[in-house]
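The next block holds one structure in the form of structure tokens; read it before the comments.
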Amino acid sequence: MGTIDERNRTYDYHGHANVTSGELFDLIFIEQLADALGITTEAASMVLIGQPFIPVSGKLSAATNTPGTSVASILSRKLLGDTRFPFGLRLGAPMGKLSKLKMVPTSKIATFLGRWVPFVGYAELIITVQLVAIRTRQKYNLIARPKDRIQWTSF
């Protein structure tokens with residue numbers, strides 16, 4: 001845990017002496033982020049494999065604002081082929097860059113999955129940052145003096 005040095009009005013935390021309240025918060029945030037990197041690695045991988053880095057020739061005109069294809073799209077099409085949703089169901093999947101994102105309906109399961117993979121990664125990254133912030137506040141408030149504690153009502 002951490003200790004309080006009442007003479008200097010500072011903290012000692014995991015070998016760091018004379019740490020101010022702001023520095024204590026930063027140390028705890030870094031520690032919590034490091035603990036969560038296993039999740040972040042998965043999320044970053046999903047975001048990366050969903051990016052259209054692989055050049056493709058002969059794309060339809062509807063896809064001209066996205067010049068390539070992604071690893072997720074290639075793998076999902078290899079694994080699922082031309083498998084379609086039952087009953088003629090067409091579900092919306094994001095297409096294009098984030099600045100010009102459109103929801104385009106598709107009946108192919110592989111296309112649907114390939115287009116949603118990076119957005120699942122984005123969501124996981126957002127959740128990870130939120131959890132790190134919550135854990136940081138909790139641990140910081142356990143160590144800090146009452147006047148230095150952070151009152152975050154949104155957490």
Side-chain angles (χ1 to χ4, degrees), residues 1-56 59 63-80 85 91-106 108-155:
M1 200 66 145
T3 60
I4 300 172
D5 183 357
E6 289 297 339
R7 294 176 310 228
N8 296 335
R9 314 289 287 158
T10 61
Y11 300 92
D12 293 336
Y13 185 75
H14 289 266
H16 299 278
N18 297 323
V19 175
T20 66
S21 61
E23 292 169 337
L24 175 65
F25 181 84
D26 291 343
L27 286 171
I28 294 170
F29 182 82
I30 291 167
E31 177 185 74
Q32 294 299 319
L33 185 60
D35 288 346
L37 281 179
I39 297 170
T40 304
T41 303
E42 293 167 3
S45 298
M46 291 181 78
V47 169
L48 286 175
I49 67 169
Q51 299 306 307
F53 294 134
I54 301 169
V56 175
K59 283 184 93 171
T64 55
N65 64 347
T66 307
T69 190
S70 66
V71 172
S73 181
I74 291 171
L75 287 176
S76 64
R77 288 177 185 170
K78 258 187 188 165
L79 293 172
L80 297 169
F85 289 112
L91 299 177
M95 191 167 104
K97 297 178 182 177
L98 283 176
S99 60
K100 294 182 178 185
L101 196 62
K102 294 187 288 184
M103 294 300 282
V104 179
T106 182
K108 294 182 179 181
I109 296 173
T111 303
F112 180 80
L113 292 175
R115 289 181 184 164
W116 273 108
V117 163
F119 293 95
V120 172
Y122 294 138
E124 193 172 341
L125 287 172
I126 290 167
I127 291 167
T128 299
V129 169
Q130 180 74 16
L131 288 173
V132 167
I134 290 168
R135 291 177 188 150
T136 300
R137 178 189 55 96
Q138 289 171 341
K139 191 163 187 176
Y140 175 82
N141 283 345
L142 279 175
I143 298 170
R145 289 181 203 85
K147 72 176 190 77
D148 291 334
R149 291 184 183 150
I150 298 171
Q151 302 300 322
W152 290 342
T153 57
S154 62
F155 287 82

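The side-chain contact (heavy atoms from CB on, under 4.5 Å) check on Ile54 picks up Thr69, Val71, Ile74, with sequence neighbours excluded. By the side chain to side chain donor-acceptor pair (under 3.5 Å) test, Thr111 pairs with Arg77, sequence neighbours left out. Listed by chain and number, the residues in a side-chain contact (heavy atoms from CB on, under 4.5 Å) with Leu91 are Phe85, Leu89, Phe112 (sequence neighbours excluded). Asn141 is linked by a side-chain contact (heavy atoms from CB on, under 4.5 Å) to Arg137, Arg149, Ile150, counting only residues two or more places apart in sequence or in another chain. With sequence neighbours left out, the side chain to side chain donor-acceptor pair (under 3.5 Å) criterion links Glu23 to Thr20. Contacts of Leu24 classified as side-chain contact (heavy atoms from CB on, under 4.5 Å), with partners at least two apart in sequence or in another chain: Tyr11, Tyr13, Val19, Ile28, Tyr140, Ile143.
Thr106 and Ala93 make their closest contact through CG2-CB, 4.4 Å (heavy atoms, listed as atom of the first residue, atom of the second, distance). Summarising the geometry of Pro94 relative to Leu101, their closest heavy-atom pair is CB-CD1, 3.7 Å, with the distance given to 0.1 Å. When every heavy atom of Gly50 is checked against every heavy atom of Ala72, the shortest pair comes out as CA-CB, 4.3 Å.
Taking CG of Leu75 as the reference point, atom CG of Leu113 lies at 11.5 Å (rounded to 0.5 Å). Here Lys147 contributes atom NZ and Ser21 contributes atom OG; the two are 7.0 Å apart, rounded to the nearest 0.5 Å.
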Q: Before giving the answer on side chain to side chain contact (heavy atoms under 4.5 Å, CB included), spell out for Arg115 and Val104 the whole-Å C-alpha distance, their side-chain angles and the decisive distance to 0.1 Å.
A: CA-CA 10 Å; Arg115 289 181 184 164; Val104 179; 4.0 Å; yes
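In terms of modelled atom types and a separation under 3.5 Å, the side chain of Ser76 and the main chain of Ala110 share a donor-acceptor contact.
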